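Here's the structure, in structure tokens; my notes come after.
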Amino acid sequence: MSHNNYTFVVEHLDPELGPWSALEYKTIAQESRQAGCHFILSSLPQSLLDSRDLRDLVTLGAEARSESIETYFSSKKDKICLLDPAAKQEMHPADAAEFDVFVFGGILGDDPPRDRTSELRKKGFSGRRLGPVQMTTDTAVRVTRMVILDQISLDKIPYVDFPELKVDEHEFTEMPFRYVKDNYGKPVMPEGMVELIKADADKAFDDLEF
Ligand code: SAM
């Protein structure tokens, strides 16, 4: 496998690791390995570092750290780019020469977005936006790889916005995010995510029943 010099960092900002995030991180680890990029998951509490989920991610090639990025990469701050939905500048293929490290918020998306990326913005990294629509973390990493490694500009990437997933015969649930579109016109999602969304929708429905 060939290696490039780019590192993708997800700063985990939640106290726990929910099943959605675990699937997203697994996908980021697998795709980073395929693309020859280094993937670091950082700011992890000890309880998570010791967990089975984390051991599985490390087996897939992820590096797991308890410190935050501004500690372990303090010497290369000018080479770090924060992917920030509120940044003034859009990410561009020319950023491949500007930055070595791309950092993302390890948070589940929310609707409306709560701007938890601000916790990373405070650290003073250069910021780039991936267009105006909120993406899942694995999608944001995928799109950044497409721009930086494949040199595709943001407006040439095919997207699906707010796809509706059929959860059972009568119910649909709308995902409030932008995804990359695959060759069949479907949103690219982590393996197992559709099943998880369906199970969560069923549970929410059951909880409503008296
Ligand atoms: N609701 C969010 C918040 O509170 O900031 C967005 C979180 S998003 C699910 C997770 C991460 O993906 C963000 O922290 C950011 O690094 C990246 N991201 C998602 N959409 C993005 C966009 N349009 N531009 C830049 N980064 C984005």
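Atoms within a ligand are numbered from 1 in the order they appear, just like the ligands themselves. Treat the numbers as computed from the prediction; the structure is a model and nothing was measured.
Counting only heavy atoms from C-beta outward, the side chains of I148 and F99 never approach each other to under 4.5 Å. For the pair V10/I28, a side-chain contact is recorded, criterion being any heavy-atom separation below 4.5 Å from C-beta on.
Evaluation of the salt bridge (charged side-chain N to carboxylate O under 4.0 Å, His left out) rule for D78 yields no partner, not counting sequence neighbours.
Note that K186 lies outside the cation-pi zone of Y184, set by a 6.0 Å cut-off to the ring centre and a 45° limit from the axis.
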Could you list each nitrogen or oxygen of ligand 1 that sits under 3.5 Å from a protein nitrogen or oxygen, with the atom names and the distance?
{"unit_1": "ligand 1", "atom_1": "1 (N)", "unit_2": "D110", "atom_2": "OD1", "d": "2.8"}
{"unit_1": "ligand 1", "atom_1": "1 (N)", "unit_2": "Q134", "atom_2": "OE1", "d": "2.5"}
{"unit_1": "ligand 1", "atom_1": "4 (O)", "unit_2": "D115", "atom_2": "N", "d": "3.0"}
{"unit_1": "ligand 1", "atom_1": "4 (O)", "unit_2": "R116", "atom_2": "N", "d": "2.6"}
{"unit_1": "ligand 1", "atom_1": "5 (O)", "unit_2": "R116", "atom_2": "N", "d": "3.2"}
{"unit_1": "ligand 1", "atom_1": "5 (O)", "unit_2": "T117", "atom_2": "N", "d": "3.1"}
{"unit_1": "ligand 1", "atom_1": "5 (O)", "unit_2": "T117", "atom_2": "OG1", "d": "2.6"}
{"unit_1": "ligand 1", "atom_1": "14 (O)", "unit_2": "G105", "atom_2": "N", "d": "3.2"}
{"unit_1": "ligand 1", "atom_1": "14 (O)", "unit_2": "T117", "atom_2": "OG1", "d": "2.8"}
{"unit_1": "ligand 1", "atom_1": "16 (O)", "unit_2": "L83", "atom_2": "O", "d": "2.6"}
{"unit_1": "ligand 1", "atom_1": "16 (O)", "unit_2": "G105", "atom_2": "N", "d": "3.2"}
{"unit_1": "ligand 1", "atom_1": "20 (N)", "unit_2": "M135", "atom_2": "N", "d": "3.0"}
{"unit_1": "ligand 1", "atom_1": "23 (N)", "unit_2": "G131", "atom_2": "O", "d": "3.0"}
{"unit_1": "ligand 1", "atom_1": "23 (N)", "unit_2": "V133", "atom_2": "O", "d": "3.0"}
{"unit_1": "ligand 1", "atom_1": "24 (N)", "unit_2": "L130", "atom_2": "N", "d": "2.9"}

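A donor atom on one side chain and an acceptor atom on the other are found under 3.5 Å apart for S42 and Y72. With 3.5 Å as the limit, one finds no donor-acceptor pair spanning the side chains of T71 and S68.
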